[in-house]
Amino acid sequence: MNKPYEASPVESKWQQRWADAQLYHTDLKKAKKPFYSLVMFPYPSGDKLHVGHWYNYAPADSYARFKRLQGYDVFSPMGYDAFGLPAENYAIKTGIHPMQSIGENTQTMTKQLSRIGCMYDWNRTVNTSTPEYYRWTQWVFLQMLKHGLAYKKDGNVNWCPKDQTVLANEQAQDGVCDRCGTAVVQKPMTQWYWKITEYADRLLNGLEDLEWPEKTKLMQRNWIGKSEGAEVVFPVEASADAVTVFTTRVDTIYSAAFVVLAPEHPLVEKITTKEQHKHVEHYRSEARKKTDLQRTDLAGEKTGVFTGAYVINPVNEERLPIWIGDFVLAHYGHGAVFGDAHDERDFVFAKKYDIPLKTTIKPADGKNEDAIQNLEICFSDDGILYDSDKFSGLTSAEARKKITAWLESLESGRRVVQYRLRDWSISRQRYWGAPIPVVYDPEGNPHPVPDEHLPWLLPTDVEFKPTGTAPLAQSKELVERTEKIFGKGWKPEVDTMDTFVCSSFYYLRYLAGDDLQHVIDPTTEKHWMPVSMYIGGAEHACMHLIYARFVMMALHDFGFVKHDEPFKKLVHQGTITNQGAKMSKSKGNVVSPDAFVEHHGSDVFRMYLMFMGPFTQGGDWSDTGIKGIDRFVQRIYKLCTTSVDAKAATSSAVTTKLHATIKKCTEDIERLHFNTVISALMELLNTLEGEGSVHPDVAKTLVVLLAPIAPHLSDELWEALGGKGFVLEQRWPAFDPALLVAESVVIAVQVNGKLRGQVTVPAEASQEDVYAAALEEENVAKFIDGNEPKKVIYVRGRLLNIVV
RNA sequence: GCCAUGGUGGCGGAAUGGUAUACGCGCGCGACUCAAAAUCGCGUUCUCGCAAGGGAUUGAGGGUUCGAGUCCCUCCCAUGGCACCA
């Protein structure tokens, strides 16, 4: 009687043996074939790991194990992105210091992570909230400052009234706070910014060579939002002032009918006439009250008011009224546009306010020409110019070039490139983050904290309750420290850094270990970067994944790293939902893996998640079917412990299946299709079970194929089969293409493309042989019905189609 | 509105232009058992037929091809992203 496989004791036994043998410790210096396998590090929350964590980490680990079996020196680290709001909010609620709760959370989380059985090298880990780590966050800031990429600016910032902090544009998409969903308001404030815009072109061009999902690249391209066009200067009538506008359609300039400024535009106050002053002021104060969300609500009608002033169109001296409208964005281009009949939005705006329009572009195909000229419909595509002086008759594309050149010669315009990307605001008025290492002299000028004072410690004598000013402002210790080092009257910066700064270079600090001399030792960086495989959520497409690229490029330019892209290959795992909704604590639909892991073991649970479907697809959670994986594990255990016999013969059918399985597993793990890897192994098991007994070599190969997806079980079986060492120290099997073809094959026989029978022939049979065999088939003969075939198509080893 | 991805049994899903529905779940029948669970065997897209076999079928409709889930066109639906960017 055979014993069933008992996962729990076996799994803890192997986890202990792996740890004792330091099996997952990678010697970075000695590695000959480095493979840097990285998953986005988690926030150490107090909640237990949920199904989503397992769905993310287990397949990533299986891929890393596969690479190790293929002979790579795999480095697979894990750590914690520990600064941030949740710990601080928890502290506000309970009074427990974030340092304490984070410390406890990382401990329990590490324990839970080890239950998955991942090959993490815990000799090198990071916790972004420790002084040893954030001294480097501060160092990066100082480097940015030194190289002119960090600056302080007054301006409107995205402000979350609930979290009482500033948000980066990337964190305030759709006008709501990405943490709590509260509507973001604009608030004037002095903030530190990093000049990510200086890297816009490189961030855009660098995408081309990255093995990233096209979708993600597209999202970054849209976020950077490069657009080429022209700047045109419109002098204000009877004034020395001028309005500069940006346009991508300078070919339409002869049809310009009006100009619209953003309500915040600095010229508004100066140019507004007495008669219009009241209306304009009223409109501006209303605009200020609106949130960004309201202002960008597409359903909302475009509104505006006339300022009473006019500009002169430099190309034809026409007088155009100046309006203000809140659909014009102050921060894009010059916060001003010209309006004309060839833009849908302008067209509607002009009709609403009875501004006279004229057309100067006609469609090349002449379609709807009358309706367009009569201003019944708006033509906004490229076409042919008319009524445009010497440019009449040109196509839009030609006209754009020539008009721009002409404007340049008149000094009334020039070719420019605009980006939608804005500089990264990194200041946060929160406690639980890396302090910005800056101090102010008595005159209020900022000075960097010199490197020798790093880490510039986060003070502990503060209240966590948000008041709208930074919590660090209350720290007596920080003020005393500043005065002691820099002198009387010097004051510390009291803002902390956005946590995305911490995570923008952590992949270097894993490699650096406890190196306190360099952010990363150049030899190690050269050898190990960029990350070979980076796995994480798609929600970071325009945040972490763009910041990390920017910081890597900057560090490259400062001379600290050789590479300028951090992540060569990127994959996003799919999302696991519950009843169609994303799992979240607030919805109360989070599924805990604990009960399943306890009952079936980690291997079964890992495989079950992988068996659900392709890794990048995700899916809706359901536990029906976990039994199927459990049966698979029991059967494979039974086969390897009771049916292995050194005297067993290996049939050619088994050999063919084995090599086909090796091929399938190799290819499908590479493309992260673990679901089909598992079904291929099930098919192989079905074949082997039909054999009675199995040769140890075959069983061992099966176990190695199983190793990436079921690490504990495969080591247990490897040992049971008398294998030496750990299964992970074996080599991934190679398949022999010659053995993929069975001795005899089943050929499908079609008549006129419809399946009418099957014949079994030797693999090397010729078309004639197969055709002859097919005619013997009663059903095939019936459908040919004595007709002479017009055509016979033979696909070797697969199919014969007889056309009559 | 624009862009992207997808739509296959009762369910999760599989399929280099070449036997659609692999693998698994579930379900049905049988074996073992006093019985049940577990396990094992057989069956399981729909439909007509006792059977042999026929017909239909990959969101809908067209097209290319000896042959289309796969390629092309039109449309419908779902999900994700972007969305006053001049």
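Note that this is a predicted model, so its numbers are computed, not measured. A note on names: the letters A, B, ... follow the listed sequences, proteins ahead of strands, and every chain is numbered from 1.
- Look at A/Gln220 and you won't find any side-chain N or O under 4.0 angstrom from OP1 or OP2 of B/G81.
- Look at CD1 on A/Ile636: it is 12 Å from P on B/G24, rounded to the nearest Å.
- Of the two residues near RNA chain B, A/Val746 and A/Tyr419, the one whose nearest nucleotide lies more 5' is A/Val746.
- A donor-acceptor pair shorter than 3.5 Å can be found between the side chains of A/Tyr419 and A/Asp201.
- Within the nucleic acid shown, A/Arg635 comes within 4.0 Å of sugar-phosphate atoms alone, with no base atom in reach, counting heavy atoms only.
- A straight line from CG of A/Asn675 to P of B/C25 spans 15 Å, rounded to a whole angstrom.
- Pair check for B/G12 finds B/C23; Watson-Crick or G-U wobble, both atom distances under 3.5 Å.
- A sub-4.0 Å separation between OP1 or OP2 of B/A86 and a side-chain N or O of A/Tyr332 is present.
- We find that NZ of A/Lys663 is positioned 14 Å from C1' of B/A15, with the value rounded to whole Å.
- Spacing between atom CD of A/Glu344 and atom C1' of B/A83 amounts to 15 Å, rounded to whole angstrom units.
- For B/C25, the base has no donor-acceptor partner in the side chain of A/Lys627 [N/O atoms by modelled type, under 3.5 angstrom].
- Using N1 to N3 plus N6-O4 or O6-N4 for Watson-Crick, or N1-O2 and O6-N3 for G-U wobble, each under 3.5 Å, B/G61 pairs with B/C73.
- Distances shorter than 4.0 Å separate none of the side-chain N or O atoms of A/Ser622 from OP1 or OP2 on B/C25.
- The closest side-chain heavy-atom distance from A/Phe674 to A/Ser679 is not below 4.5 Å.
- The two residues A/Gly618 and A/Tyr55 make their nearest non-hydrogen contact at N-OH, 3.3 Å.
- Among the protein residues, A/Tyr794 comes within range of no part of the nucleic acid, since none of its heavy atoms lies under 4.0 Å from any strand.
- In this structure, A/Asn779 reaches the sugar-phosphate backbone alone: every heavy-atom distance under 4.0 Å involves primed, P, OP1 or OP2 atoms, never a base.
- A gap of 13 Å separates the C1' atoms of B/G17 and B/C72, to the nearest Å.
- At a cut-off of 3.5 Å, with distance as the only test, a side-chain donor of A/His572 or A/Thr216 sits close to an acceptor on the other residue.
- Within 4.0 Å of A/Asn686, counting heavy atoms only, lie sugar-phosphate atoms of the nucleic acid but no base atom.
- When both distances must be under 3.5 Å, the Watson-Crick or G-U wobble mate of B/C84 does not exist.
- For the pair A/Arg631 and B/G24, the criterion of a side-chain N or O lying under 4.0 Å from OP1 or OP2 is not met.
- Side-chain nitrogen and oxygen atoms of A/Asn222 include none within less than 4.0 Å of the OP1 or OP2 phosphate oxygen of B/G81.
- A/Phe258 pairs in a ring pair (Phe, Tyr, Trp, His ring centres under 6.0 Å) with only one of the listed residues (A/Phe349, A/Trp323, A/Phe338), which is A/Phe349.
- Following rounding to the nearest Å, A/Met219 (CE) and B/G81 (C1') show an atom-to-atom distance of 5 Å.
- A side-chain donor-acceptor contact under 3.5 Å links A/Thr303 and A/Tyr283.
- Using a 4.0 Å heavy-atom cutoff across all strands shown, A/Arg221 reaches no nucleic acid atom at all.
- Note on A/Lys217: every side-chain N or O is 4.0 Å or more away from OP1 and OP2 of B/G81.
- Comparing the C1' positions of B/C2 and B/G63 gives a spacing of 28 Å, expressed to the nearest Å.
- Nucleotides B/G49 and B/G13 place their C1' atoms 32 Å apart, quoted to the nearest Å.
- Proximity of A/Arg756 to the phosphate of B/G54: a side-chain N or O atom is located under 4.0 Å from OP1 or OP2.
- Base pairing of B/C50 is not made with any nucleotide, judged by Watson-Crick or G-U wobble geometry with both donor-acceptor distances under 3.5 Å.
- Remark: the separation of the P atoms in B/C48 and B/G10 is 15 Å, to the nearest Å.
- A donor and an acceptor atom sit less than 3.5 Å apart, one in the side chain of A/Arg345 and one in the base of B/A86.
- Taking a pair to require two hydrogen-bonding distances under 3.5 Å in either a Watson-Crick or a G-U wobble arrangement, B/A78 pairs with B/U5.
- Aromatic ring pairs are classed by plane angle as parallel below 30°, tilted from 30° to 60° and perpendicular above 60°; the pair A/Phe596 and A/Phe605 is parallel.
- Between the side chains of A/Asp620 and A/Thr577, at least one donor-acceptor pair of N or O atoms lies under 3.5 Å.
- When the side-chain nitrogen and oxygen atoms of A/Arg249 are compared with OP1 and OP2 of B/A86, none of them lie within a distance under 4.0 Å.
- Comparing B/U64 with B/G69, their P atoms sit 16 Å apart, to the nearest whole Å.
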If you restrict it to nitrogen or oxygen atoms, what contacts under 3.5 Å exist between nucleotides 63-66 of chain B and the protein, and what is each distance?
{"residue": "B/C66", "atom": "O2'", "partner": "A/Asn801", "partner atom": "ND2", "Å": "3.4"}
{"residue": "B/C66", "atom": "O2", "partner": "A/Asn801", "partner atom": "ND2", "Å": "2.6"}

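- At a threshold of 4.0 angstrom between heavy atoms, the contacts of A/Glu214 with the nucleic acid are absent.
- Among the protein residues, A/Lys790 comes within range of no part of the nucleic acid, since none of its heavy atoms lies under 4.0 Å from any strand.
- Straight-line distance from the CG atom of A/Asp620 to the P atom of B/G12: 10 Å, rounded to whole Å.
- When each of A/Gly618 and A/Ile629 is assigned the nucleotide of RNA chain B with its nearest heavy atom, A/Gly618 is the one assigned upstream, toward the 5' end.
- Across all strands shown, B/C66 forms a Watson-Crick or G-U wobble pair, both distances under 3.5 Å, with B/G18.
- Nucleotide B/G41 has B/C29 as its partner under the Watson-Crick or G-U criteria, with both atom distances under 3.5 Å.
- Contact of the A/Leu261 side chain with the A/Val328 side chain is not registered, since no non-hydrogen atoms from C-beta on lie closer than 4.5 Å.
- Of the nucleotides present, none pairs with B/A35 by Watson-Crick or G-U wobble criteria with both distances under 3.5 Å.
- Residue contacts for A/Leu218: at a heavy-atom cut-off of 4.0 Å it reaches the sugar-phosphate backbone alone, with no base atom in range.
- For B/C3 and B/U70, the C1' atoms lie 23 Å apart once the distance is rounded to whole Å.
- Rounded to a whole Å, the CE atom of A/Met607 is 14 Å from the C1' atom of B/C23.
- For A/Leu609 and B/G13, the CG to P distance is 13 Å, given to the nearest whole Å.
- Between the side chains of A/Arg549 and A/Gln220, a donor-acceptor pair is found at a separation under 3.5 Å.
- Residues A/Leu681 and A/Asn686 fail the side-chain proximity criterion, which asks for heavy atoms closer than 4.5 Å.
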